[in-house]
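Below is one structure, written out as structure tokens; comments come after it.
Atom set for the values below is all heavy atoms of this structure, side chains included, hydrogens, waters and symmetry mates excluded. Small disclaimer: the values here were computed from a predicted structure and weren't measured.
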Amino acid sequence: MKLAKVTAGHWKDSTEGADFSRRYQFADDCREKNKVAIGFMFREGTPFDGETDTADIRGLESTELKAMYEEKGIKEGRAKNAAEQIIRFRDWPVGTPLFLYLGRNTVDSIGYLKDSYEYDWDGHFNDEYGYPHTREVEWMDVPRKFPRSELPDDFQGWLKNPQTALDYTVSPHSEEADFLALSRGLGKALDGLGEGELSILR
């Protein structure tokens, strides 16, 4: 079973001013609009614009997207990181459980990916945040805004990883599998599996 995480922005973690509330505003927008979004729109250059469409990005390999960033003047390491995260975000299967991580040791929400990747240049998340890469999400009502410390140790390390879009593979019969099956009700994401497959999480 694979999980997905999106970090709610990397705005300056100040104690006052606009940046202080930016990540919370983003998380609230994600819930209100039943979506999640990421950016990687660099000031130095970006391969995306209003002429790009979803089909263009769905057909790209990570190495191709990396080269496109490099053509815009982005250094190799940064280009590779951006390309890999966008492709990862694009390719997460529908039904994958998604954790929206606020930072500050807090998980804002858990949901499920409902639809495939969409490049939404004219949408709210690009207009407001410069985040044109989107996925539709069905958010759970609970739990909300809970401490990362409530999760198994390996989950905690995964969530605090600074990458914006990152996945995690849950091993059968592990502490994490038991936690998901018993504590968070994430078995909904496994509706398409057979009885034998489901049994590994019991």
Side-chain angles (χ1 to χ4, degrees), residues 2-12 18-19 21-103 108-139 158-159 161-169 189:
K2 183 171 287 188
L3 309 179
K5 175 208 76 164
V6 168
T7 298
H10 292 283
W11 295 283
K12 184 179 179 183
D19 284 339
S21 61
R22 193 69 166 156
R23 69 184 66 202
Y24 298 97
Q25 178 186 338
F26 173 78
D28 288 346
D29 281 353
C30 286
R31 287 192 63 90
E32 179 184 340
K33 298 184 181 301
N34 294 312
K35 287 193 174 184
V36 70
I38 63 173
F40 299 101
M41 305 287 283
F42 304 131
R43 292 180 182 177
E44 304 96 307
T46 175
F48 309 111
D49 58 28
E51 300 300 315
T52 309
D53 63 27
T54 299
D56 294 332
I57 299 172
R58 283 183 178 163
L60 289 174
E61 298 290 339
S62 178
T63 52
E64 293 175 308
L65 183 52
K66 171 179 173 286
M68 291 167 63
Y69 268 107
E70 291 176 324
E71 288 172 4
K72 296 296 183 179
I74 306 303
K75 292 184 178 179
E76 181 181 5
R78 198 177 184 197
K80 182 175 185 290
N81 179 60
E84 288 180 347
Q85 292 195 62
I86 291 169
I87 299 303
R88 182 183 300 142
F89 179 86
R90 180 197 70 185
D91 290 347
W92 283 331
V94 172
T96 298
L98 174 76
F99 285 66
L100 181 60
Y101 186 58
L102 274 174
D108 181 87
S109 301
I110 301 174
Y112 303 90
L113 295 175
K114 283 190 67 177
D115 206 349
S116 56
Y117 167 87
E118 181 182 5
Y119 177 79
D120 192 7
W121 181 262
D122 297 320
H124 169 79
F125 287 97
N126 196 42
D127 288 346
E128 183 67 30
Y129 305 102
Y131 287 11
H133 309 287
T134 68
R135 298 290 301 263
E136 187 176 351
V137 182
E138 179 183 352
W139 297 108
W158 164 61
L159 287 168
N161 186 297
Q163 287 203 355
T164 299
L166 191 63
D167 47 46
Y168 181 95
T169 300

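Salt bridge absent: R31 and D108 never bring a charged side-chain N and a carboxylate O closer than 4.0 Å.
At a threshold of 4.5 Å between non-hydrogen side-chain atoms, the residues E71 and P47 do not count as touching. Inter-residue side-chain proximity for M68 and K72 is flagged as unmet; no heavy-atom pair is nearer than 4.5 Å. By the 4.5 Å heavy-atom criterion applied to side chains, L113 and V137 are counted as neighbours. The closest side-chain heavy-atom distance from D120 to N126 is not below 4.5 Å. Looking at E70 and I74, their side chains never come closer than 4.5 Å, going by heavy atoms from C-beta outward. The shortest side-chain heavy-atom distance between D56 and F48 does not fall under the 4.5 Å cut-off.
By the 6.0 Å contact criterion, CD on E76 is open, its count of non-hydrogen atoms from other residues, nucleotides or ligands being 12 or less. The environment of CD in E44 is crowded: more than 12 heavy-atom neighbours from other residues, nucleotides or ligands sit within 6.0 Å.
No donor-acceptor pair under 3.5 Å is formed between the side chain of S109 and the backbone N or O of L100. K66 places no side-chain N or O within 3.5 Å of a backbone atom of G77 that could act as its donor or acceptor partner. Under the 3.5 Å distance criterion, the side-chain polar atoms of T96 are left unmatched by any main-chain donor or acceptor of A4. Under the 3.5 Å distance criterion, the side-chain polar atoms of Q85 are matched with a main-chain donor or acceptor of T164. With hydrogens and angles disregarded, no donor-acceptor distance shorter than 3.5 Å links the side chain of R90 to the backbone of S116. The backbone N or O of E32 sits nowhere less than 3.5 Å from a side-chain atom of W139 that would complete a donor-acceptor pair. Panel note: side chain K5, backbone Q163; a donor-acceptor pair is recorded below 3.5 Å.
Here the CG-OG1 distance, from D115 to T134, works out to 9.0 Å after rounding to the nearest 0.5 Å. For the atom pair T7 OG1 and L166 CG, the distance stands at 8.0 Å (nearest 0.5 Å). Rounding to the nearest 0.5 Å gives a distance of 7.5 Å between CG of L65 and CD1 of I57.
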Please lay out, stage by stage, how W158 and F99 fare under the test ring pair (Phe, Tyr, Trp, His ring centres under 6.0 Å). CA-CA 11 Å; W158 164 61; F99 285 66; 5.5 Å; yes
With side-chain contact (heavy atoms from CB on, under 4.5 Å) as the test, would you mind laying out the steps for K35 and H124 before giving the verdict? CA-CA 10 Å; K35 287 193 174 184; H124 169 79; over 6 Å; no
For D167 and W92: C-alpha separation, side-chain torsions, deciding distance, then whether side chain to side chain donor-acceptor pair (under 3.5 Å) applies. CA-CA 9 Å; D167 47 46; W92 283 331; 3.0 Å; yes
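Nearest heavy atoms, L102 versus A27: CD2-CB, 3.9 Å. Minimum heavy-atom separation, C30 to V36: SG-CA, 3.9 Å. The shortest non-hydrogen separation linking G39 to P132 is CA-CD, 4.1 Å.
D29 and Y129 form a side-chain donor-acceptor contact under 3.5 Å, judged by distance and modelled atom types alone. Side-chain contact, D49 with W121: no donor N or O sits under 3.5 Å from an acceptor N or O. Between the side chains of R88 and S62, no donor N or O sits under 3.5 Å from an acceptor N or O. Judged purely by distance below 3.5 Å, without hydrogens or angles, the side chains of E128 and Q25 pair a donor atom with an acceptor atom.
With sequence neighbours excluded, the residues forming a ring-ring contact (aromatic ring centres under 6.0 Å, His included) with F125 are F26, listed by chain and number.
Among the candidates H133, R135, E136, the single residue satisfying the side-chain hydrogen bond (donor to acceptor under 3.5 Å, both in side chains) test with Y117 is H133.
Annotation: F40 is not in aromatic contact with Y131 [ring centroid separation under 6.0 Å not met].
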